[in-house]
Amino acid sequence: MPAMLKPLQVKSPTEPAALAPGDLPADWPDLWAQILKVRQDDASAPQRQKRLAHSRQQGWTLNGPCSERSANLFALYKPLLDARQSHKDLPDSPPWLVAQLGQSLDGFVATETGDSYYVTGPHSLVHLHRLRALCDAVLVGAGTVAIDNPQLTTRRVPGPNPVRVVLDPDARLDGSSSLFSDRQSSTLWLCDARYAAIASERLASTGCMGSTSEQAGTDVVAVEGLLQNDGPPCQYLPNRVTAALAKRGLRLVFVEGGGVTVSRFFRSNALNRLHLVVAPVLIGQGRRGLQATAHEVMADCPRPPARMLILGDDLLWDLDLRA
Ligand SMILES: NC(=O)c1ccc[n+]([C@@H]2O[C@H](COP(=O)([O-])OP(=O)(O)OC[C@H]3O[C@@H](n4cnc5c(N)ncnc54)[C@H](OP(=O)(O)O)[C@@H]3O)[C@@H](O)[C@H]2O)c1
């Protein structure tokens, strides 16, 4: 049986302050509220037609005047709204995945001990929470859960909490991480079918097994054939993960980290979009960020279409991996 590791709890005690109202354009809160209405398929709001319009050719677009900054932010989230619309119009459309990593200038997402609190600044944290709010599920690797003990909620923005998915193919987590028991949102502990019983046993002791109509809880999801080897490192098939989530109606998925997990999804060509946020900090040695497939000559290196957006002191690269 693989070794079971406890949360390291190395994170810094204080979170960066929330953004002040003046840090965002004056027209953004209303636009974000309307984006959320589209996300929740809420046609009731009379305002909605004023700021956002949909056509089959262009998908969701801005309707009417808007500040440049809000228009740029809208462009960042438009692909998620369009993907949700496709799923609504064509229920058989494939799962749609966006990933995000906050990296240092020298390409790390955390220090060697695993401390990543905080690589990026408050604007990027808000962006992270917006991505959570717009997706059905937020997925993280077992390493992130073990080290960060994260909540994966949308506490920095208005918007729904996504279902939290912990990808732990060989059930190495001990089940004590907060998200398994805090009931802030439903949680899925996703393991290869061979290890699911181990995860269920550990979860049973927390009393949070299973969601009810009143209370969010945690379920173990057993995925047949997820693991390709008996690690470590464990090799799994990302498309088995997305298929298992799609079966539960979770088709817009945010892969939030860490570097190993995002890189595995990236290299398997499972991602539609990648938001790489580069912060002006140097970590020196630590947990690697994005690791792409190696090429011998530059001409073979992929150069996906990209847009840039300034997020406070950080620079976000929005890569379109399906163009
Ligand atoms: N800056 C950011 O955007 C960001 C986002 C998320 C996380 N992080 C940071 O990234 C780090 C974690 O990322 P990661 O790339 O190392 O891992 P990860 O992608 O979160 O998870 C997969 C890795 O965790 C290992 N693992 C599995 N079970 C574990 C356990 N119980 N305890 C410890 N490790 C386990 C796996 O090992 P095998 O390969 O052997 O299976 C695999 O290498 C943390 O320090 C976190 O703070 C940063």
Side-chain angles (χ1 to χ4, degrees), residues 1-12 15-16 98-129 131-132 138-152 164-177 179-180 189-192 195 198-199 202 226-238 241 254-268 270-271 274-283 285-291 311 314-317:
M1 187 193 299
M4 189 171 70
L5 300 171
K6 287 194 181 298
L8 292 178
Q9 305 275 22
V10 293
K11 71 181 202 176
S12 310
E15 288 202 12
V98 59
Q100 197 265 182
L101 281 176
Q103 296 191 178
S104 63
L105 286 173
D106 47 355
F108 298 105
V109 293
T111 65
E112 239 171 1
T113 63
D115 186 15
S116 62
Y117 285 71
Y118 289 86
V119 178
T120 53
H123 283 266
S124 304
L125 285 176
V126 167
H127 167 61
L128 195 69
H129 287 222
L131 285 179
R132 290 177 186 167
V138 56
L139 178 149
V140 289
T144 295
V145 173
I147 293 167
D148 290 358
N149 197 16
Q151 297 179 63
L152 305 180
R164 302 171 296 186
V165 180
V166 178
L167 179 51
D168 186 15
D170 52 0
R172 284 167 63 193
L173 292 168
D174 67 359
S176 70
S177 308
L179 83 182
F180 290 131
W189 188 352
L190 210 129
C191 311
D192 182 277
Y195 294 95
I198 298 173
R202 288 178 196 156
L226 175 62
L227 270 178
Q228 298 299 288
N229 67 331
D230 277 318
C234 57
Q235 301 296 337
Y236 56 83
L237 295 172
V241 174
F254 172 29
V255 184
E256 188 174 311
V260 169
T261 299
V262 168
S263 298
R264 275 188 191 148
F265 276 74
F266 178 85
R267 288 197 301 266
S268 324
L271 301 176
L274 174 63
H275 291 179
L276 211 54
V277 181
V278 181
V281 62
L282 293 155
I283 293 180
Q285 189 57 263
R287 309 263 167 162
R288 289 284 304 273
L290 183 68
Q291 296 183 72
L311 291 177
D314 306 329
L315 180 61
L316 180 149
W317 289 93

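These numbers come from the heavy atoms of this one structure, side chains and all, not from hydrogens, waters or symmetry mates. Ligands are counted one by one from 1 in listed order, and the atoms in each one are counted from 1 as well.
- Sorted by first and then second residue, the side chain to side chain donor-acceptor pair (under 3.5 Å) pairs with a member in residues 100-109 read Ser104-Asp106; sequence neighbours excluded.
- Those atoms of ligand 1 that come under 4.0 Å of a heavy atom in Arg264, given as number and element, are 39 (O).
- Looking at Val140 and Leu152, their side chains come closer than 4.5 Å, going by heavy atoms from C-beta outward.
- Looking at Ser124, its side chain never comes within 3.5 Å of a backbone N or O of Thr120 through a donor-acceptor pair.
- Ligand 1 places these atoms under 4.0 Å from at least one heavy atom of Ala146: 30 (C), 31 (N), 32 (N), 33 (C).
- Without hydrogens or angle criteria, Asp192 side chain to Asp170 main chain gives no donor-acceptor distance under 3.5 Å.
- Which of Ile147, Val277, Asn149, Asp148 comes nearest to atom 46 (C) of ligand 1 through a heavy atom is settled by distance: it is Asp148.
- The residue from Leu101, Thr113, Leu173, Thr144 that puts a heavy atom closest to atom 20 (O) of ligand 1 is Thr144.
- For the pair Val278 and Asp314, the minimum side-chain heavy-atom distance is 4.5 Å or more.
- Residue Gly102 places at least one N or O, backbone or side chain, under 3.5 Å from an N or O of ligand 1.
- Polar contact check, Gly143 against ligand 1: a nitrogen or oxygen pair lies under 3.5 Å apart.
- Within the structure, the closest approach of Val140 to ligand 1 does not fall below 4.0 Å when heavy atoms are considered.
- Minimum interatomic distance between Val138 and Glu256 (heavy atoms only, all atoms of both residues): CG2-OE1, 3.3 Å.
- Within the structure, salt bridge (charged side-chain N to carboxylate O under 4.0 Å, His left out) pairs that include any residue of residues 117-127 do not occur (at least two apart or interchain).
- Remark: ligand 1 atoms within the under-4.0 Å shell around heavy atoms of Ala142 are 21 (O), 27 (C), 28 (N).
- Geometrically, ligand 1 and Val260 share a nitrogen or oxygen pair separated by less than 3.5 Å.
- Of the listed residues (Asp170, Leu167, Val109), the one carrying the non-hydrogen atom nearest atom 4 (C) of ligand 1 is Val109.
- Side-chain contact between Leu226 and Val241 is present, with at least one heavy-atom pair separated by less than 4.5 Å.
- For atom 5 (C) of ligand 1, the candidate residues are Glu256, Gln235, Gln100; the nearest heavy-atom contact is made by Glu256.
- For Thr261, a nitrogen or oxygen atom sits less than 3.5 Å from a nitrogen or oxygen atom of ligand 1, counting backbone and side chain alike.
- No donor-acceptor pair under 3.5 Å is formed between the side chain of Asp168 and the backbone N or O of Ala142.
- Distances below 4.0 Å separate heavy atoms of Arg287 from the following atoms of ligand 1: 16 (O).
- Under a 4.0 Å heavy-atom criterion, Gln103 is not in contact with ligand 1.
- Between the choices Arg172, Glu112, Arg288, Gln291, the shortest heavy-atom distance to atom 38 (P) of ligand 1 belongs to Arg172.
- Checking side-chain atoms of Arg172 against main-chain N and O of Ala146 turns up no donor-acceptor pair under 3.5 Å.
- Between Gly259 and ligand 1, a contact under 3.5 Å exists for at least one N or O pair.
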